[in-house]
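The figures here come from the full heavy-atom set of this structure, side chains too, leaving out hydrogens, waters and symmetry mates. Count residues from 1 along the sequence. This structure is a prediction, so every number in the text was calculated from the model and none was measured.
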Amino acid sequence: MSIWYGLDRIPEHLAAGGTVVTIGVFDGVHRGHQQLLQRAVELARERGVPSVMFTFDPHPTVVFKPDAVPPLLSSVRRRAELAHEYGIDHVVVVSFTKQIASWSPEEYVDQVLVKMLNAKAVVVGDNFTFGHKAAGTPETLRELGAARGMRVDVLELLEDGDHVVCSTWIRQALAEGNVDGANEALGRHFRVAGEVTHGAGRGGRALGFPTANLYFAEKFALPADGVYAGYVTILPGHGISTGATIGTMPVGERLPAAISVGTNPTFGHEPRSVESFILDHDADLYGLDIAVEFVHHLRGMETYNSLDELIEAIGRDVTDTRKALG
């Protein structure tokens with residue numbers, strides 16, 4: 001997987017024979033984004049040149065509305081991984097700065113698409129804007145591209161029932177606990193990943209349900225507080241590889257789990273976390289990286305009057321998780 005961070009890091013050989021480029025934030029790499037990636041890959045293969053996803057980190061809103069930056073559905077590394085799964089050859093990640101924001105549409109095209117990427121074709125969505133004060137539209141890009149011998153494909157936004165498939169809709173669905181809807185829009189299960197760290201330590205000791213705990217910065221989107229059925233995968237790294245076994249858990253294999261998102265209100269509220277009880281397995285996962293997939297919402301977060309009530313509720317969650325995952 002090749003990722004280039006910054007326009008000045010793009011190697012000359014990348015664009016020597018031309019490229020096909022698709023541009024966007026691609027947060028979540030949802031089904032609408034996938035259409036752009038697949039068209040770019042198709043055009044690149046027709047021309048025998050590399051396909052490139054040109055994306056931004058941090059989110060461009062940091063420049064325009066720093067107080068309204070949306071929570072991210074995926075890290076830039078995860079976006080790149082998914083892009084490669086859909087056939088993209090290279091990913092270029094650029095920090096959206098005030099200097100870039102000040103470029104006119106013509107400067108943007110000449111600096112990025114012509115000079116740096118030698119683009120023979122460009123693929124964007126029909127809500128794409130670029131250049132100073134978002135003055136550039138898809139029609140602007142078509143005109144500039146035609147003058148430079150560059151094909152421009154503009155794809156319609158993907159609609160699903162009563163809504164457009166977009167990152168904003170997915171964030172709202174997650175905020176409502178609607179992971180089924182978010183998953184439908186993503187074309188896969190919503191996933192978070194991180195290093196397992198120590199929580200309060202009561203899961204196995206007091207409750208009999210040891211959990212793998214993840215904590216995330218506020219800039220990342222999470223489903224609404226509640227309990228979910230899903231899967232946990234131990235990711236390779238830290239000296240372990242796919243196929244190894246940690247305790248009874250095989251690395252790289254999706255394992256059924258009951259997942260709690262919230263602040264543990266029964267115990268007086270704690271930092272918001274994602275806590276996964278992996279069914280039918282046991283292992284010490286501290287310090288390892290795991291991925292957590294959310295499949296189905298089971299219930300909202302509740303406060304219990306005693307440990308016994310909480311233990312009974314978790315037992316029901318485990319039963320409901322088995323049913324939800326079949």
Search all heavy atoms of [X] against all heavy atoms of [Y] and return the closest pair with its distance.
X: L141; Y: V152; answer: O-CG2, 3.6 Å
X: G32; Y: V165; answer: N-CG1, 4.0 Å
X: D27; Y: S74; answer: OD1-N, 3.1 Å

### Task
Return yes if some donor-acceptor pair links the side-chain N/O of N183 with the main-chain N/O of F294 below 3.5 Å, else return no.
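Yes, the answer is positive, given that a donor and an acceptor are paired below the 3.5 Å cut-off.
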### Task
Would you check if the side chain of T137 reaches a backbone N or O of T140 as a donor-acceptor pair within less than 3.5 Å?
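Side chain of T137 to backbone of T140: a pair is present.
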### Query
Any idea how H198 and Y286 line up, ring-wise: parallel (<30°), tilted (30 to 60°), or perpendicular (>60°)?
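Aromatic pair H198/Y286 classed parallel.
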### Message
Angle between ring planes, H33 versus H30, binned at 30° and 60°: parallel, tilted or perpendicular?
### Response
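Because their plane-to-plane angle is under 30°, the rings of H33 and H30 count as parallel.
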Hydrogens and angles aside, do [X] and [Y] bring a side-chain donor and acceptor to less than 3.5 Å of each other?
X: H297; Y: N178; result: no
X: E275; Y: S273; result: yes
X: Q172; Y: E176; result: yes
X: T197; Y: N213; result: no

### Task
Quick one: pull up OG1 in T263 and CG in D225 and give me the separation to the nearest 0.5 Å.
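The OG1 atom of T263 sits 5.5 Å away from the CG atom of D225.
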### Message
I need the D317 CG to T321 OG1 distance, nearest 0.5 Å.
### Response
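Reported value, rounded in 0.5 Å steps: 6.5 Å.
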### Task
Would you check, one step at a time, whether the test salt bridge (charged side-chain N to carboxylate O under 4.0 Å, His left out) holds for D57 with R77?
CA-CA 10 Å; D57 185 49; R77 182 76 183 183; over 6 Å; no
Do [X] and [Y] sit in one hydrophobic cluster, given that two such residues count as connected whenever their side-chain heavy atoms are within less than 4.5 Å of each other, even indirectly?
X: F128; Y: V21; value: yes
X: Y86; Y: L158; value: no
X: I259; Y: V227; value: no

### Message
Taking the side chain as everything from C-beta on, heavy atoms only, tell me whether T168 gets closer than 4.5 Å to R171.
### Response
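Result yes, sub-4.5 Å side-chain heavy-atom pair found.
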### Query
Can you tell if the side chain of F96 reaches within under 4.5 Å of the side chain of V25, non-hydrogen atoms only?
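F96 does not reach V25 side chain to side chain.
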### Message
I need the single residue from L285, D284, I234, T211 that forms a side chain to side chain contact (heavy atoms under 4.5 Å, CB included) with V196. Which is it?
### Response
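Only match with V196 under side chain to side chain contact (heavy atoms under 4.5 Å, CB included): L285.
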### Message
With a sphere of 6.0 Å drawn around CD of E46, does it hold more than 12 non-hydrogen atoms of other residues, nucleotides or ligands?
### Response
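Count over threshold, so yes.
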### Query
Salt-bridged, D320 to R299, with N to O below 4.0 Å?
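Salt bridge: no.
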### Task
Only counting residues at least two apart or in another chain, list the ones meeting salt bridge (charged side-chain N to carboxylate O under 4.0 Å, His left out) with R316.
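R316 satisfies salt bridge (charged side-chain N to carboxylate O under 4.0 Å, His left out) with no other residue.
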### Query
Is the charged tip of R79 near the ring of F26: under 6.0 Å from the six-membered ring centre and within 45° of its axis?
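That pair does not qualify as a cation-pi contact.
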